[in-house]
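Notes follow the structure.
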Amino acid sequence: MLDLSKKKGDAAEQAAARFLKKQGLTLIEHNYRCRFGEIDLIARDGPMLIFVEVRCRQSKRFGSAAESVNWRKQQRLIAAASHYLATVQGAELRCRFDVIEASACNGGFDINWLQNAFQ
């Protein structure tokens with residue numbers, strides 16, 4: 001089951017990446033990992049650097065996908081983003097955190113893009 005969830009998560013991230021490209025963003029990183037955690041996607045929109053968490057849920061029984069990005073997860077994303085910025089000397093860049101909800105639908109995914117989801 002874990003393998004199936006991983007495959008579905010990977011497919012959701014790929015769908016989210018395609019969606020962001022269609023919106024005119026430039027993808028910089030996929031699955032950036034450091035000791036603080038992982039960032040699913042890092043993109044640029046002009047001068048803005050965007051850290052994207054992709055969430056896929058089968059049902060809303062336990063809340064929406066975006067609701068699963070709780071305070072603890074946000075803190076890990078912020079720490080990983082700070083590490084990334086320090087590594088690429090991008091501290092002067094403006095940045096934001098977005099969440100993409102990917103819901104399985106007809107063999108693909110419906111995408112809900114929540115910009116500036118938290119700070």
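Residues take their numbers from the sequence shown, with the count starting at 1.
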Review point. Same hydrophobic cluster for F36 and L85, using side-chain heavy-atom links shorter than 4.5 Å among ILVMFWY?
Key: no
Under the 3.5 angstrom rule, does the side chain of D40 hit a backbone N or O of N31 as a donor-acceptor pair? no
*Taking it one step at a time, do L25 and D45 satisfy side-chain contact (heavy atoms from CB on, under 4.5 Å)?*
CA-CA 5 Å; L25 278 67; D45 186 10; 3.9 Å; yes
Residues I100, L20; criterion side-chain contact (heavy atoms from CB on, under 4.5 Å); working and verdict:
CA-CA 10 Å; I100 288 186; L20 292 174; 3.9 Å; yes
So CD of E29 and CD1 of I42: to nearest 0.5 Å the spacing works out to 5.0 Å
In F118, Y32, F97, the residue satisfying ring-ring contact (aromatic ring centres under 6.0 Å, His included) with F51 is F97
Interatomic distance, CG@D98 vs CD@Q115, rounded to 0.5 Å, equals 5.5 Å
In short, C56 meets A12 closest at the heavy-atom pair CB-CB, 3.9 Å
Please report the C-alpha distance between Y84 and I28 in whole Å, then the side-chain angles of each, then the deciding distance to 0.1 Å, and finally whether the side-chain contact (heavy atoms from CB on, under 4.5 Å) criterion is met.
CA-CA 12 Å; Y84 177 82; I28 298 171; 3.4 Å; yes
Linking I/L/V/M/F/W/Y whenever their side-chain heavy atoms sit closer than 4.5 Å, directly or via other members, would M48 and L27 fall into one cluster? yes
One should read off an interatomic distance between I78 CD1 and H83 NE2, to the nearest 0.5 angstrom, of 16.0 Å
Heavy atoms of I111 and A102 approach each other most closely as CD1-CB, 4.0 Å
Is the shortest heavy-atom distance from the side chain of L77 to the side chain of V69 under 4.5 Å? yes
CD of E53 to CD of E38, rounded to nearest 0.5 Å, is 8.0 Å
Here the gap from Q14 atom CD to L41 atom CG, rounded to the nearest 0.5 Å, amounts to 10.0 Å
To the nearest 0.5 Å, atom NZ of K21 lies from atom OG1 of T26 at 9.5 Å
Determine, stepwise, if the pair V52 / W113 fulfils side-chain contact (heavy atoms from CB on, under 4.5 Å). CA-CA 10 Å; V52 182; W113 183 17; 5.6 Å; no
